[in-house]
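Report on one structure; see the data block that follows.
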Amino acid sequence: MATGGKSNSKWEVIQSKLTTPMPPTGLTENEIIWKKNKARLCYYPAKQKKFKTPLFLVYSLINQSYILDLAPGMSMIEAFVELGYDVYLLDFGIPGLEDSDTSLDDYIVKYIEKGVKRSLYHSGAEEVTLVGYCLGGTLATIYATITKTPIKNIVLFAPPLDFGQTPIPSEWEKALRSGEFSLDSVIDEYGIIPPKIVEHVLRLTIAPITYSSYISLIKRADDEEYIKKWKLFNRWLKSHIPFAGATLKQLITDLGIDNKLIKNKLIIDGKLADLKNISSNLLVVSTTDDKIVPEELTKSIIPLVSSKDKLYKRVKGGHVTLALKGKIPSFLEEWLGERSS
Amino acid sequence: MGILIDLFNLRIFQHMKGEDIIFRTDGFQMYINIVKQWIGRWNDYRRENWRMNKKNRGMSEKLTLLGINSEDYINQNIKEWLNNEKVLEVTNKGIQRHTKFVKLIREYIDLLAFQLNLPTKNDVANVAKLAVQIEEKIDNLEEKLLILTKEFNRGSDYEEKEELLEGDHTKNTENTNMELRRNREKIKHKLLFNKLSEEEIKETLSTLVRRGEGRGYRWKI
């Protein structure tokens with residue numbers, strides 16, 4: 001960049017770009033069709049509707065869902081809409097202290113099930129395609145095991161399901177399983193876990209120190225588009241949300257320690273979450289460089305469901321690479337297209 | 001003083017001789033020990049890495065590589081350091097102490113708020129919980145209304161037989177009205193006490209919509 005005949009240093013460029021206002025997110029045209037507590041069900045109409053079966057997106061409870069619609073050209077929702085799908089996104093919102101008693105059962109029965117029913121009423125469709133991201137994938141899987149609502153296809157992106165092997169240090173895992181180390185009392189005292197604690201615990205488990213992203217930023221300081229994307233992604237990365245205490249306790253005990261989902265012993269709303277109850281077409285996607293949810297945590301579901309049409313796909317990239325690409329990978333486009341009416 | 005430093009260094013040297021690091025509880029020495037071991041490992045790692053990437057790289061490339069590798073290296077070491085019984089024990093005790101401390105603060109804040117006649121954060125949260133519960137009930141009613149509307153829209157499209165409208169169907173009106181009233185009361189009761197499932201609503205509606213058939217109403221569809 002030249003100013004007054006003198007070229008600016010990379011530092012100056014970075015400084016000027018980083019101090020400019022943050023670009024807006026969530027720009028794909030949408031309408032909120034249902035609200036409950038902090039949750040919202042957003043409807044993104046297809047540009048040119050080609051498929052009757054709408055997509056119902058369930059996002060994680062750890063971060064904010066706007067990563068799925070970060071910016072034009074960096075939005076998975078935009079890409080689905082352009083392919084001709086009606087998209088419904090269930091955003092759980094940011095929990096407050098009053099939500100400390102919200103359990104896993106509540107998220108599944110009171111939010112996901114109700115949300116799916118609303119999307120069916122709204123779209124007039126007979127079936128939906130359930131798409132779950134990260135922990136949203138776990139919730140979608142549990143929901144699919146106990147519901148009677150018609151689900152045609154299930155697509156799961158990096159869902160942590162099998163906690164037989166976790167990225168937690170082995171000594172800590174051993175202590176958690178034996179009960180020597182428990183977080184229940186501190187979770188009860190806090191009610192909801194503040195976002196900064198969520199962020200630090202996750203970082204401690206995956207990568208306690210991160211600065212390589214800043215190196216990439218310096219290296220590509222003259223690339224305006226890259227800096228814009230970097231800013232947006234970096235903001236999302238640090239925008240963790242509080243975690244409802246009751247849900248966290250359930251996740252740690254039932255899923256993490258006892259691994260009840262994979263062992264078909266999980267009880268949700270009085271019903272057994274048996275993976276054999278899943279008979280919809282199933283696609284599970286994991287990525288090669290995913291340090292948060294490695295392959296071992298996702299793959300085990302495939303032989304346990306009773307779906308005849310099931311596929312496990314491992315693609316190159318990190319935990320959220322697919323959501324940021326701005327276009328649907330060809331294998332997913334084909335798989336969904338063939339199975340959507 | 002010199003003797004003391006020498007003795008200190010000797011103790012570190014003794015620790016460094018073993019392959020596995022020994023975590024001592026005497027704090028300062030433990031940290032010196034860890035840092036020394038990290039520096040040693042880092043030098044080995046750097047030498048190895050440099051040897052592997054001897055190609056002609058620009059300064060920027062080398063710095064990037066150094067940054068990425070050192071990040072991996074530091075994270076790996078932190079994880080190794082954390083994966084230790086002693087660290088786990090200290091963390092566990094720390095969390096317990098922290099929980100007690102947070103509880104104590106909350107109790108005193110509650111006491112103070114009571115004296116000052118002020119609501120606490122928990123009081124506000126309890127009020128919000130009531131709002132959430134009410135919203136939950138309204139949402140259930142809204143959903144039932146949605147099903148009702150949908151079913152009525154589907155089933156209301158019938159026409160009446162003209163001859164029966166003019167005929168003697170009034171004879172049975174009294175009995176039918178009684179039956180209708182009973183049905184209505186039953187549905188009202190179930191709706192009020194939230195005892196009606198989606199399937200039951202559909203079934204009841206279907207019976208209600210088709211009740212006219214006996215009196216000569218005819219379905220269009």
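In what follows, every chain begins at residue 1, and chains take the letters A, B, ... in the order their sequences are listed. Quick caveat, the model's predicted, so the values are computed rather than measured.
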Report task. Check whether B/Glu135 gets within reach of chain A through its side chain, its backbone, both or neither, counting any heavy atom under 4.5 Å. Result -> side chain

Query raised in the report: So what's closer than 4.5 Å to chain B heavy atoms on A/Leu183: side chain, backbone, both or neither?
Result: side chain

Report task. Would you mind checking which part of B/Glu89 comes under 4.5 Å of any heavy atom in chain A, side chain (CB onward), backbone (N, CA, C, O), both or neither? Result -> neither

Query raised in the report: Is chain B contacted by the side chain of A/Ser216, its backbone, both, or neither, given a heavy-atom distance below 4.5 Å?
Result: neither

**Report entry** Test: B/Glu143 and A/Lys114 ion pair at under 4.0 Å
**Finding:** yes

Query raised in the report: Who among B/Gln96, B/Glu136, B/Glu85, B/Glu142 has the most heavy-atom pairs with chain A under 4.5 Å?
Result: B/Glu136

**Report entry** A/Glu225/A/Lys229 salt bridge by N-O under 4.0 Å criterion
**Finding:** no

Query - Salt-bridge present (A/Asp91, A/Arg40; N to O < 4.0 Å) - result: yes

Query raised in the report: chain A heavy atoms under 4.5 Å from B/Leu82: which part of the residue, side chain, backbone, both or neither?
Result: both

**Report entry** Per-residue contact mode, B/Leu88 against chain A (heavy atom under 4.5 angstrom)
**Finding:** both

**Report entry** Check ion pair A/Lys271-A/Asp105 (N to O, under 4.0 angstrom)
**Finding:** no

Query - Salt-bridge criterion met for A/Lys316 and A/Asp289 (N-O under 4.0 Å) - result: no

Report task. Would you please indicate if the ring centroids of A/Phe56 and A/Tyr88 are separated by under 6.0 Å? Result -> no

Report task. Please determine if A/Lys38 forms a cation-pi arrangement with A/Phe92, meaning its NZ or CZ atom is less than 6.0 Å from the six-membered ring centre and no more than 45° off the ring axis. Result -> no

**Report entry** Option in B/Lys129, B/Glu71, B/Arg106 with maximal non-hydrogen atom pairs under 4.5 Å from chain A
**Finding:** B/Glu71

Report summary line: Honestly, the part of A/Tyr214 sitting under 4.5 Å from a heavy atom of chain B is neither

Query raised in the report: Contact part of B/Lys100 toward chain A, heavy-atom cut-off under 4.5 Å: side chain, backbone, both or neither?
Result: neither

